[in-house]
Amino acid sequence: FAILCATLTSVATYGLLRFFEVPRLIAASAVIVFICLDPARTLFGNYYSYDEATAALVTVSAWLSCLWVRQRRDLYLRLLWWAIAILTLYNSNQSIYVLVLALSPALWAMRREWRRIVRVGIVPLLLVSLWYANDLIRFHQPTTSSWIGINLARNSLMLAPTDDLHTLV
């Protein structure tokens with residue numbers, strides 16, 4: 001899993017740098033130095049794999065949004081929607097707000113195509129919406145906390161009241 005996340009982050013970072021017309025050699029060097037050889041990434045990325053997956057998903061989302069704005073291909077938009085959905089379900093609530101804020105300039109620029117944007121992303125959008133609705137019904141608050149989120153990590157569960165733990169199981 002760590003290798004997959006590191007690979008996604010490296011490829012998306014290189015893609016972003018090339019998107020902004022950074023020369024190939026400089027882009028490759030930056031990826032090697034700041035991602036592949038970074039000791040903090042090696043030491044802490046394997047211990048806190050949650051952060052590594054989040055970084056990979058955010059970087060991939062940024063790259064896909066750039067590709068989508070430039071090329072206007074449904075494939076990039078569809079992949080962007082899925083990356084955002086996976087990040088939202090994997091991470092906690094704040095990720096959806098950060099992504100909406102980050103994507104706002106692109107969405108504003110493409111506001112005339114809002115129907116196409118929603119049509120292409122309807123399945124991931126429905127999935128996240130249903131997940132929020134499920135948690136609203138079960139836990140009485142709209143959240144993406146689930147079996148796949150950090151809120152059910154061992155250190156979070158130790159602090160949870162017993163009644164809440166029984167609700168989860």
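Residue indices begin at 1 and follow the sequence shown.
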From [X] [atom1] over to [Y] [atom2], what is the distance, rounded to the nearest 0.5 angstrom?
X: Y132; Y: L89; atom1: OH; atom2: CG; answer: 8.0 Å
X: T13; Y: F34; atom1: OG1; atom2: CZ; answer: 11.5 Å
X: T59; Y: L8; atom1: OG1; atom2: CG; answer: 9.0 Å
X: L80; Y: I117; atom1: CG; atom2: CD1; answer: 9.5 Å
X: M110; Y: S65; atom1: CE; atom2: OG; answer: 10.0 Å

At their closest point, which heavy atom of [X] faces which heavy atom of [Y], and how far apart are they?
X: A53; Y: C5; result: CA-SG, 3.6 Å
X: I35; Y: A6; result: CG2-O, 4.5 Å
X: V31; Y: Y14; result: CG2-N, 3.7 Å
X: R116; Y: R72; result: NH2-O, 2.6 Å

Per-pair distances, 0.1 Å, donor-acceptor, side chain in residues 119-130, under 3.5 Å, sequence neighbours excluded:
from, atom 1, to, atom 2, distance (Å)
S129, OG, L125, O, 2.8

Take W63 and V11 through the test side chain to side chain contact (heavy atoms under 4.5 Å, CB included) and record every step on the way to the result.
CA-CA 9 Å; W63 184 36; V11 170; 4.0 Å; yes
Check L57, V58, L64 against V60 for a side chain to side chain contact (heavy atoms under 4.5 Å, CB included) and give me the one that passes.
L64
Side chain to side chain contact (heavy atoms under 4.5 Å, CB included) for W68 and R73? Distances and angles first, verdict last.
CA-CA 6 Å; W68 166 60; R73 291 184 55 201; over 6 Å; no
Is the charged tip of R78 near the ring of W81: under 6.0 Å from the six-membered ring centre and within 45° of its axis?
no
N/O donor-acceptor pairs under 3.5 Å from side chains in residues 18-30, not counting sequence neighbours:
from, atom 1, to, atom 2, distance (Å)
R18, NH1, V22, O, 2.6
S29, OG, L25, O, 2.7

Has R115 got more than 12 heavy atoms of other residues, nucleotides or ligands less than 6.0 Å from its CZ?
no
